[in-house]
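This chain uses plain numbering: 1 for the first residue, then up along the sequence.
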Amino acid sequence: MSFCLQAARDPALPGVLVFGFEGPYGICEAHVEELQKHFTLITMKQFLENKTEFSQKIQAIYLWGGRPVIDRELLLSLPCLKIIGNSGAGLDHLDLPFIASCGVKVAHTPHAVSTPTADLGMALLLASARRVVEGCQLAVSPDTKHFSINWLGQEVSGATLGIIGMGTIGYKIAQRAKAFEMKILYHNRNRRRLEEEAAVGAAYCARLEDLLQHSDFVMLAASLTPQTQGLIGRRELQLMKPSAVLVNVGRGLLVDQDALVEALKNGVIKAAALDVTYPEPLPRDHPLLKLKNIIVTPHIGSATHQAKWQIMQDLVESILAALHGLPVPNEVLLK
């Protein structure tokens, strides 16, 4: 791509490191022109081939889909780095204390991803409840001779949804679930204000166990932290109803996947729908991929044209603010 090489040589704009312009981790082609209005884009390949030239020019890193990987070697090789702009809300792939110790700010884009991720959470819930993927496979199969009138799914209206992680995404899921006339329970590190609970008809469960035992659908929308890793394991799955469905739009490591395989095989829970796994993608022979009572999507919670464009705009705003010494929108502050 000739325009990429030309951009890398433009001395008038601040240098921003990107992973690349092509392949599964390349930045969106539709965004390049807009980014080039503000920055000199330097790819990882260009940087690695000429560290002496580019190390002094790079003032920001534009993280797209977790790439480039931010490690200590990279950070220590960029003496002029002021900010890392991270696409999305999750930060579990960043060593925030070390980044801060280098005097580098971090910004993310939680607001841009919340609406489409909540939409996908509800889509997975509905698809699992009504067995949409199985139904599609049945409808298009060359072996299908008739449609059974007794091929049934579960109704969502009137069912109880338990949301684990009632941040921005979790709350938007609750708003959507209310429209489906669902009863809503939630478990969160901090309880929401009473007026926020009332607006969506949500009841707080201080104990995770209470939520699991009473929910027909359990929705994971929590961030991954050392405290939440493995949050749903064998014990928690056994507390759920045999008719319950587990939906995960948070992070794969929130769930003990071996325990989930066992639970799905043995009827401990009815089904699962996962937009996130660990690793991503799963090995092609992973037992989860062999089960009929599961839906797996390729981490597409924020994968809409509108969300990706907003993510890009939010990152541009944050990076420019940092480079001009202004307050950084969506800055991540260590607690």
With Leu246, the side chain to side chain contact (heavy atoms under 4.5 Å, CB included) member among Ile294, Ile164, Val218, Leu212: Val218
Main-chain N/O of Asn50 paired to Glu53 side chain as donor or acceptor, under 3.5 Å: no
Interatomic spacing from CD in Gln154 to CZ in Arg131 - rounded to 0.5 Å: 9.5 Å
Considering all heavy atoms, the nearest Leu334-Pro97 contact: CD1-CA, 4.0 Å
Nearest atoms (heavy-atom pairs only) where Ile184 meets Ala174: CD1-O, 3.3 Å
NZ or CZ of Arg192 within 45° of Tyr171 ring axis and under 6.0 Å: yes
Cluster overlap Leu63 with Phe54, hydrophobic side-chain contacts below 4.5 Å: yes
Parallel, tilted or perpendicular: rings of His187 and Tyr204 (30°, 60°): parallel
Which atom of Phe217 lies closest to which atom of Ala159, heavy atoms considered: CE1-CB, 3.8 Å
Listed pairs under 3.5 Å, donor-acceptor, residues 252-273 side chains, sequence neighbours left out:
unit_1: Asp256; atom_1: OD1; unit_2: Asp258; atom_2: N; d: 3.1
unit_1: Asp256; atom_1: OD1; unit_2: Ala259; atom_2: N; d: 3.1
unit_1: Gln257; atom_1: OE1; unit_2: Tyr278; atom_2: N; d: 2.9
unit_1: Gln257; atom_1: NE2; unit_2: Tyr278; atom_2: O; d: 2.7
unit_1: Glu262; atom_1: OE1; unit_2: Arg234; atom_2: NE; d: 3.4
unit_1: Glu262; atom_1: OE1; unit_2: Arg234; atom_2: NH2; d: 2.9
unit_1: Glu262; atom_1: OE2; unit_2: Arg234; atom_2: NE; d: 3.2
unit_1: Asn266; atom_1: ND2; unit_2: Glu262; atom_2: O; d: 3.2

Worked verdict on Arg67 versus Val69 for side chain to side chain contact (heavy atoms under 4.5 Å, CB included): CA-CA 5 Å; Arg67 299 296 194 283; Val69 173; 4.0 Å; yes
Worked verdict on Ser302 versus Lys308 for side chain to side chain contact (heavy atoms under 4.5 Å, CB included): CA-CA 7 Å; Ser302 62; Lys308 294 301 186 186; 3.4 Å; yes
Electrostatic pair Glu49-Lys45, nearest N-O below 4.0 angstrom: yes
Leu17 vs Tyr62, side chain to side chain contact (heavy atoms under 4.5 Å, CB included): CA-CA, chis, key distance, verdict: CA-CA 6 Å; Leu17 182 66; Tyr62 184 89; over 6 Å; no
With sequence neighbours excluded, residues passing side chain to side chain contact (heavy atoms under 4.5 Å, CB included) with Arg189: Lys335
For residues 317-333, dump all side-chain donor-acceptor pairs below 3.5 Å to protein atoms at least two apart in sequence or in another chain.
unit_1: Ser318; atom_1: OG; unit_2: Asp314; atom_2: O; d: 3.1
unit_1: Ser318; atom_1: OG; unit_2: Pro329; atom_2: O; d: 2.8
unit_1: His324; atom_1: ND1; unit_2: Leu320; atom_2: O; d: 2.8

Basic-acidic side-chain contact under 4.0 Å: Arg191, Glu197: yes
Heavy-atom closest pair, residues Leu13 and Thr40: O-OG1, 3.1 Å
Side chains of Trp64 and Cys28 in contact at under 4.5 Å (non-hydrogen atoms): yes
Contacts of Phe180 that satisfy ring-ring contact (aromatic ring centres under 6.0 Å, His included) - sequence neighbours left out: none
Set of side chain to side chain contact (heavy atoms under 4.5 Å, CB included) partners for Ser148, sequence neighbours left out: Asn150, Trp151
Partner of Leu274 under side chain to side chain contact (heavy atoms under 4.5 Å, CB included), chosen from Asn248, Val249, Val247, Leu124: Asn248
Met44 side chain near Leu48 side chain, heavy-atom distance below 4.5 Å: yes
Pairs involving residues 106-124, ordered by first then second residue, that meet side-chain hydrogen bond (donor to acceptor under 3.5 Å, both in side chains) (sequence neighbours left out): Ser114-Lys172, Thr115-Lys172, Asp119-Arg176
Full working for side chain to side chain contact (heavy atoms under 4.5 Å, CB included) between Leu161 and Leu185: CA-CA 6 Å; Leu161 169 63; Leu185 306 176; over 6 Å; no
Residues Glu209 and Arg235 bridged, charged N to O under 4.0 Å: yes
